[in-house]
Every structure is written in structure tokens, then in C-alpha cells.
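When reading the values below, keep in mind they use all heavy atoms of this one structure, side chains included, and skip hydrogens, waters and symmetry mates.
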Amino acid sequence: MHQNKHSLSHHNRLELLAPAKNLAYGIEAINHGADAVYMGGPAFGARSAAGNSIEDIEALARHSHRFGAQVFVAFNTLLHDSELEQARRLTHQIYEAGADALIVQDMGLLALDLPPIALHASTQTDNRTPEKVKFLQDVGFSQVVLARELSLAQIREISAATNVQLEFFIHGALCVSYSGQCNISHARTGRSANRGECAQLCRLPCSLQKPDGEVLVADSHLLSLKDMDQTDNLEALIEAGIRSFKIEGRLKGLDYVKNVTAWYRQKLDAILDSRSDLVASSAGRCSYSFTPDPKKSFNRGSTDYFLHGRKPGIDSTKSPKYVGEPLGRVTSVTREGIEIDGKPVTLNNGDGLGFFKPNNELVGMRLNKVEGKQLLLSERMPGLKVGTEIYRNHDQAFSKVLEKASADRRIRVDMVLAECDEGLRLTLTDEQGISAAVTLPCDKQPADNPERALQQARDQLAKLGNTLFVARKVELAFTHPLFIAASMLNCLRRDGIAALEAARLAGYQRPERRIALRDIHYPQHRLSYLGNVLNSAAEQFFREHGVERIAPAYEANKEEGEVVLMITKHCIRYSQNLCPKEVPGLKAEPLALKMGKDTFRLRFDCRRCEMHVMGSLKR
């Protein structure tokens, strides 16, 4: 079954895609079960704090390819004309290093002389309609990252209209704006999200007010969303057409990468085990020294966002920080510490705890020692009183396990030892159907104790200790039992494994660039600054695809006066119970957001159910 399962088309392969801040994180992501990882290169990677050298990309590709896993390089910032030549050269170096795909935002790259590397359309290219995704497919993209805001029905519609591989974010931080359509950071700080330098203004506290200055909500994180968690929707996403499941987090810690990757690996493996029509897109099964639990890694609470339509509770207005798991409420406060109610949880010295002060300020504290029901704290905490809810945001025991080697990934292999004319022949076939065989010339000695000889031979061949492999079954195809010295079996096993590794690497094929079709027209005839055209190569690309009027990207600093700085499906009217569609008889009033010294007018597109944050460029 495994042989034919793996020969299924790419439409039947599920890919778990994990973030890699650097080489070490990327190796751990693969070891913990990722089918592919994405990392930044030396430049243009949309996270200015997470760049990596060509040598590190090469080393990660080497490690990943042993499992048939892939490395995607994020190349998804907008480029200035002066950067095009450097970008072009870099794409060739990334290709030479063995990377499997480039994740692209700037269409100008497609007008350059690129190596034959597969192209993936970044979520920054704002992919939310069948027309847009079909266009990207037809100009040569083989994978498209869909907008995080889509519902299952919208994903199904895109899947029905295209045959490109569809990728979707299943876990991690949510941008409140449609990706690639947010210019608030550039407008107010000069740091562009499209250039990898977002200042994350959406995570700051702000106030909601009327045009006359009357404050409706004061100092609240009104634009800060909870984190995405699609744990319960994986099968629904598969049915809708998603084949690549992406975890956000190139700036997150190693414990997050290990824990969250392992969590989704186990979920996807359970689905794969129950279905013969689907297969993992790389080889190997993982075992872990911990029980994965995403609640124990950085998160702002969880939401499945708009997957099942709009519902309340997607924002995390109290704090943009990691609050942690609720433990219980304070029942008494002493000089050294506190007692809490709630179901007993094992707490450890060094755990991180937290609570909210009445003004909603989140305060962190360190647990010094647990004595019976008493939690002794490292220092006195003003503002901590009976009735306060306590959270744990650092589980010391869990972190300790994750600091060490915490996963083992092995490729399952079947072995057959048989007689041949010159002696013995060992054939190895792995779970993906890749085979290698080695022979050892020798004399054949009948065994004195047949049963013991056969068992020893099986045991000796199955000793795959520090290799990539684990023996699934060992078959001895002899006409009559033979005695074979342990040294000979070791030699066969060693040579066989080396031959199988070589066969796997020789058989590894990087995905090819999708052939672009001719005479493909972009779905629109004109592009505003929201089309993100920042260089002459991008302009040339769009003109060749039928776009007649092209305004420069916001980063060109040409926009005068008030414009849309952010387009979001998160509606503050809805979340604050001020939506005329939801509350009968309510009149829609104009609203504004005050953030520090800046005030942004809010505009509501109720037909599309979207909110626009309006503002101007700070000169």
C-alpha cells in the first residue's frame, strides 16, 4: 500500500510547513515532523530580523532533503529599482544552494532572468479571489498562500477554479489587515511592512471615539487579534482543497517551533493513518520526549478567525502579550506569596505567573517555591489581591524538556536478506518505495541452531541506531537456515544503509518551475497604490499582462492626503456591538481611533463587511 500511496499526485500530498528563524531552528522543525520549512535569505525576506546566509540555506536543504522535505526561501519584500540586480543575483545563489522554492511578493522578479526555481505567491500578494489565484497559477506560480481571512466556502471556490497547490495559515499570529494591504506602519514611522520592517502599531493600545472627541472605549488593544489555531478544522481544510498547512513564526522561540510543529504533525498523521487517498509529502515518523501542547507556547488566545464566518471574540483587547494558561483565582495573600483555587496543576519552582491589575496592565512574576497549597513568589506583588485570576505563562518543566533533544525522526524501511550466486544480497526498501541492494561474497554455512541463527540475523540487521532509518520488517529468504557471522551482517547493514541514503538523495527531485502561459490578463485594468508596484520591472510585468493604469506603491511616498492605510475584515463596530446589521434600530455613527498623538478615521464598507483605517503620510 505504501508504494502506491506515495505515487499519488501532488494533489494528494499534505505538507506541514514550519517556520525557521535560522539553520538550527530549521533542523529542529524538520526533526519534529515538518514536511517543509521556510526561512529568510541574506536579504529581502520580509522579516528584517531573520536573515540567513547562503551557506545556512545549503546546510538546511541538505538536512531536509535526506527526508524528502523541502526548503522554501522567503523573498517576499517589495524591491526598489536599485535593488533589482542584487535580487536577481541572489535568486541564483539561493537556487545553487539547493533551495526548493522562492516565496515572492514583488511581481517585478518575474520580469528578471531567474533560475528555474519553483515560485510560491506570498500571502503578501493578497490572494482572496479565484480570479487572482488563477492568474498567479497561469503566470508560473506553483503554490499560493491564501489570505488568512477566507472562509471554507471561499477556499472551496478558489480550489474548484484552479489546480495550483493551495497553502493556508493554520497557527500563529494574525495580521489584522489583509496582508500586503497595510501601510499604517510606513505612513507613521517610515518602516514598511511590505519591506519587512512592520512596527506593529496594531498591537498598541488605542481609544475609540466619536468625531467630537467623546471616548467610547479608552486605552484598549482594539486592533490586536488573538492567534490563529485551526487544530479542529484540519479535515475541513483538506476537504476544501488546502494541501499545505503553514505555521506562522519566523521570529518565535525554539520551544514554539518544536511544540507547535509536533502538535500538528500528530494531528495530520492521525488523518493520514485513517485515509488511503492521502500521503505525507516527506518521509519519516517522529517520536517525542514530550506531549505537544500549543497552549504552553507563546499565544494571545486562539481563534479560527473567519473560517466558519464572522463571529465575536477574535480580538484580544486586554493585552497583545502572552497571558498564559488560567490556573485559578487567589483565595489568600500572605507576605511570601498566595494560595489559589482551581483544579490542581503541577507547578514547579521557576514557573512564570501573571495577573491583570484593575487597569488591565499585565504583571509577570516568578514562582520561587511551592509549599503545599502556598505559592511562594520571588518578590512582593503590589496590586495582587483575593479574587484576582492567576495565569501561568512559563512552564519550567515543559521548557526544560524542550531545551534538550526532544524528537527522533526515522524513515521506515523493510529489509530482505536472500542468497545469491556469489553469497548474500540485502535489499532495503523505504516507506516511499525507494530501494537499494548490496551483495557480500561469502561461503554459505548451514546453521547448527536454525532458530537462534535466524533470530540473531534479524536482530543484527535491525540495529539501525544512529541512522535515519528504523526497521519495519526484516525478512530472511533462505532455502535453508544459514549461520552468518555478526561482522558480516554488520557490514551488509552498513553498506545497505549507505546505498539507500545515496539512492534517496539521487532520487530527490526539486519541484520544477511551472511553465507560464501566454497572453494572460490580470483581473484588473488599473492598479492603485494598493497594487504594490514599486519598481520598473513590476510595472513592465503588469503592462505585459494588460494593466493600463498603474499608480506607484505607497512606499514611493507619492500619496497626498488621507487614504486607506489598512483594510481589515475585523470590524470594531461589530466587536463593540455597534453594528447596524446586528443591532436593530441602531444608527451607524462615524468613528475614529486615537493612537498616541495620531487619530485615524474609520470608514466602514458594510456591503463587503470590511473596515478601512484612514490616515495620511507623516512627512
- Task: Describe, in one word, how the ring planes of F72 and H120 are oriented to each other, choosing from parallel (under 30°), tilted (30 to 60°) and perpendicular (over 60°).
- Result: perpendicular

- Query: If you draw the axis of the six-membered ring of Y256, does the NZ or CZ of K252 fall within 45° of it and under 6.0 Å from the ring centre?
  - Reply: yes

- Task: For residues D304 and D229, determine if any side-chain heavy atom of one lies less than 4.5 Å from a side-chain heavy atom of the other.
- Result: no

- Message: Looking only at the side chains, is there a donor atom on one of Y322 and S297 sitting less than 3.5 Å from an acceptor on the other?
- Response: no

- Message: Looking at D113 and R88, is there a salt bridge between them, counting it only when a charged N and a carboxylate O are closer than 4.0 Å?
- Response: yes

- So NZ of K321 and OG of S224: to nearest 0.5 Å the spacing works out to 11.0 Å

- Message: Would you say Q105 and S122 are linked by a side-chain donor-acceptor pair, where the criterion is simply a distance under 3.5 Å?
- Response: no

- Query: Do R128 and Y178 meet the cation-pi criteria used here (NZ or CZ under 6.0 Å from the six-membered ring centre, within 45° of the axis)?
  - Reply: yes

- Message: Tell me if the centroids of the rings in F542 and Y522 come within less than 6.0 Å of each other.
- Response: yes

- Message: Check whether F168 forms a cation-pi arrangement with R148 (NZ or CZ under 6.0 Å from the six-membered ring centre, at most 45° off the ring normal).
- Response: no

- Answer yes or no for K569 and F306: cation-pi contact, defined as NZ/CZ to six-membered ring centre under 6.0 Å and angle to ring axis within 45°. yes

- Query: Should the pair H63 and F67 be assigned to parallel (<30°), tilted (30 to 60°) or perpendicular (>60°) ring geometry?
  - Reply: perpendicular

- Cut-off 3.5 Å, side chains only: do D100 and Y508 have a donor facing an acceptor? yes

- Message: Would D315 and K226 count as a salt bridge (charged side-chain N to carboxylate O under 4.0 Å, His left out) here? Give the steps.
- Response: CA-CA 5 Å; D315 48 0; K226 288 179 179 166; over 6 Å; no

- Taking S185 for its side chain and A199 for its backbone only, find out whether a donor-acceptor pair lies under 3.5 Å. yes

- Run the numbers on T231 and I170 for side-chain contact (heavy atoms from CB on, under 4.5 Å), then give the verdict. CA-CA 7 Å; T231 298; I170 53 164; over 6 Å; no

- Query: Ion pair present between E83 and R195, side-chain N to carboxylate O less than 4.0 angstrom?
  - Reply: yes

- Message: So that I can tick it off, tell me whether K258 and D255 are bridged by a salt bridge, with the cut-off set at under 4.0 angstrom between side-chain N and carboxylate O.
- Response: no

- side-chain contact (heavy atoms from CB on, under 4.5 Å) partners of A121, counting only residues at least two apart: T125, N127, L136, F141, V144

- Message: For H612 together with F604, are the ring centres under 6.0 Å from each other?
- Response: no

- Item | Cation over ring face, R510 and Y95, 6.0 Å, 45° | yes

- Task: Classify the side-chain pair R409/S282 by whether it contains a donor and acceptor separated by less than 3.5 Å.
- Result: yes

- Query: Please walk me through it: do R188 and D598 pass salt bridge (charged side-chain N to carboxylate O under 4.0 Å, His left out)?
  - Reply: CA-CA 9 Å; R188 307 321 288 162; D598 294 322; 2.8 Å; yes

- Task: Using the test salt bridge (Lys or Arg N to Asp or Glu O under 4.0 Å), find all partners of D138 that sit at least two apart in sequence or belong to another chain.
- Result: K134

